[in-house]
Amino acid sequence: MLKALVVLLWPVGIAVILAVTALVAKRPGRSSPPATAPMNGHHGGDLLVAVRAARSSIIGMLLILVVGAVAVYALTLVLGVLVVHAGPHIDKPIYTWMIHHRVHFWKSAMDRLTKVGNTWTTWGAAVAAAVCLAAFYRSHKWLPPVALGAAIFIDHYLTLALRHTFHRIGPPGSPLGTFPSGGCERIFVFYGLIAYLIWREVSGSRRAAIWSAGVIAALGFSEGYSRGYLTLHWFTDIISGNIYGCLILAVFIATIRLVVGPGRRPGTETAPGVSAEMSGQQAQTQQ
């Protein structure tokens, strides 16, 4: 009976996350101010000016991301100290209980499902998304490859720095499953960043943002559940991985909004030629 309940926890957890997402998406939101032309990515000037502006934006974004990575490292250090000292009292009972309440067929299914958070899977998704979005973006075509490339670099070396700091050994069957859970944090960092880059170019609506966040949260829950069910990580390492991944994602989103500006607003985008024509018509009317 308990084994069946553990199996049911996966679909029930995802269903609850999506149900909450649907309820939040239905609530009316506050109206957003119209986006100006620069916010929508329409910048005048010749090609040389555009190249210089892009170079300046890239350098500025990378510098801010480095500062943000240092801040994330400092916050995760505090979390790591708590996990190292208090974690064993939580982790060992959960680990002992889990290894005696697993089902073979479900274990095999989770072994396949958990690969969605593996390093090469997420890096492959990031590279593919960078190429596709760079071709799809109407302006700031440099943004997807630079952001996703920086995410691969920062996430990899920041995680290595944390693991060299704590040297925490994983569960008996997975000693390399260290703090924090890499599979869990990569779900939020890479898939969350891809979802944000798509959202800011395609939609920009509040409902789409909520649903994007809900889907990423469901993916994060699924990855954390699978890693815990397979005892690839301690329970506190899984929770820490989720927090750590959200922190990195927040740094990237805040940096992109600061450097490039908010995403497009639905129903407010106007082409430069149309805007100029409307301005000319208004001037003639006033005369």
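Residue numbers count from 1 along this sequence.
How far CG of L247 is from OH of Y244: 9.5 Å, rounded to the nearest 0.5 Å. Once rounded to the nearest 0.5 Å, the distance linking CZ of R27 with CZ of R207 reads 13.0 Å. Taking CD1 of I154 as the reference point, atom CG of L65 lies at 4.5 Å (rounded to 0.5 Å). Atom OG of S181 is separated from atom CD1 of I238 by 6.0 Å, given to the nearest 0.5 angstrom. Remark: D91 CG to T236 OG1 distance equals 3.0 Å, nearest 0.5 Å. From T121, atom OG1 reaches atom NZ of K115 across 8.5 Å, with rounding to the nearest 0.5 Å.
Taking each heavy atom of F166 and V81 in turn, the nearest pair found is CE2-N, 3.7 Å. Contact record, R163 with G182: NH2-N, 3.3 Å, taken as the closest heavy-atom pair. Between V189 and A151 the shortest heavy-atom distance is CG1-CB, 4.3 Å. In terms of heavy-atom proximity, L193 sits nearest to L249 at N-CD1, 3.5 Å. Across all their heavy atoms, G224 and C184 have their closest contact at CA-SG, 3.6 Å. In this structure, S226 and M110 approach most closely via the heavy-atom pair CB-SD, 3.8 Å.
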R55 vs I59, side-chain contact (heavy atoms from CB on, under 4.5 Å): CA-CA, chis, key distance, verdict:
CA-CA 6 Å; R55 183 178 60 186; I59 294 174; 4.1 Å; yes
Tell me, with the steps shown, if W123 and N118 meet side-chain contact (heavy atoms from CB on, under 4.5 Å).
CA-CA 9 Å; W123 285 9; N118 285 359; over 6 Å; no
Please test R102 against V6 for side-chain contact (heavy atoms from CB on, under 4.5 Å), starting from the C-alpha separation and ending with a verdict.
CA-CA 8 Å; R102 292 190 293 191; V6 175; over 6 Å; no
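In this pair, H140 and W142 present their aromatic rings perpendicular. The plane angle is above 60°, beyond the 30 to 60° band.
Y196 is linked by a side chain to side chain donor-acceptor pair (under 3.5 Å) to R200, counting only residues two or more places apart in sequence or in another chain. Residues passing the ring-ring contact (aromatic ring centres under 6.0 Å, His included) test with F188: none are found, sequence neighbours excluded. Every residue two or more places apart in sequence or in another chain that forms a ring-ring contact (aromatic ring centres under 6.0 Å, His included) with Y157 is listed here: F153. Taking the side chain to side chain donor-acceptor pair (under 3.5 Å) definition, one finds that W211 meets it with nothing, sequence neighbours left out.
Hydrophobic clustering (side-chain heavy atoms under 4.5 Å, transitive across Ile, Leu, Val, Met, Phe, Trp, Tyr) keeps I58 apart from L63. Under the 4.5 Å side-chain heavy-atom criterion for grouping Ile, Leu, Val, Met, Phe, Trp and Tyr, L75 is connected to V84 within one hydrophobic cluster. A chain of hydrophobic side-chain contacts below 4.5 Å, direct or via other Ile, Leu, Val, Met, Phe, Trp or Tyr residues, connects L232 to L9. Under a hydrophobic-cluster definition in which Ile, Leu, Val, Met, Phe, Trp and Tyr are linked whenever side-chain heavy atoms come within less than 4.5 Å, directly or via other members, L82 and I243 are assigned to different clusters. L23 and V12 end up in different hydrophobic clusters when Ile, Leu, Val, Met, Phe, Trp and Tyr side chains are linked at under 4.5 Å.
With a 4.5 Å cut-off on side-chain heavy atoms, D155 and F190 count as touching. Proximity of R186 to T159: side-chain heavy atoms (C-beta onward) are nowhere separated by under 4.5 Å. Looking at heavy atoms from C-beta onward, I14 lies out of side-chain contact with Y225 at the 4.5 angstrom threshold. Side-chain contact between Y137 and L197 is present, with heavy atoms from C-beta onward closer than 4.5 Å. T96 places a side-chain heavy atom less than 4.5 Å from the side chain of H100. Looking at heavy atoms from C-beta onward, S57 lies out of side-chain contact with V260 at the 4.5 angstrom threshold. Considering only heavy atoms from C-beta on, V259 stays 4.5 Å or farther from L143 through its side chain. The shortest distance between side-chain heavy atoms of V146 and L62 falls below 4.5 Å.
Hydrophobic cluster membership of W234, counting Ile, Leu, Val, Met, Phe, Trp and Tyr whose side-chain heavy atoms lie under 4.5 Å apart directly or via other members: Y95, I99.
Defined by atom type and a distance below 3.5 Å, a donor-acceptor pair is missing between the side-chain atoms of T114 and Y229.
With hydrogens and angles ignored, the 3.5 Å screen pairs a side-chain donor or acceptor of K141 with a backbone N or O of A135. The backbone N or O of S240 lies less than 3.5 Å from no partner atom in the side chain of E185, so there is not a single donor-acceptor pair. Checked by atom type and distance alone, the side chain of T122 pairs as donor or acceptor with a backbone atom of T119 at under 3.5 Å. Distance alone, capped at 3.5 Å, is enough to place a donor-acceptor pair between the T21 side chain and the I17 backbone.
Pairs engaging residues 215-243 under the salt bridge (Lys or Arg N to Asp or Glu O under 4.0 Å) rule: R168-D237, E223-R227 [sequence neighbours left out].
Around the CZ atom of F235, the shell of radius 6.0 Å holds no more than 12 heavy atoms that belong to other residues, nucleotides or ligands.
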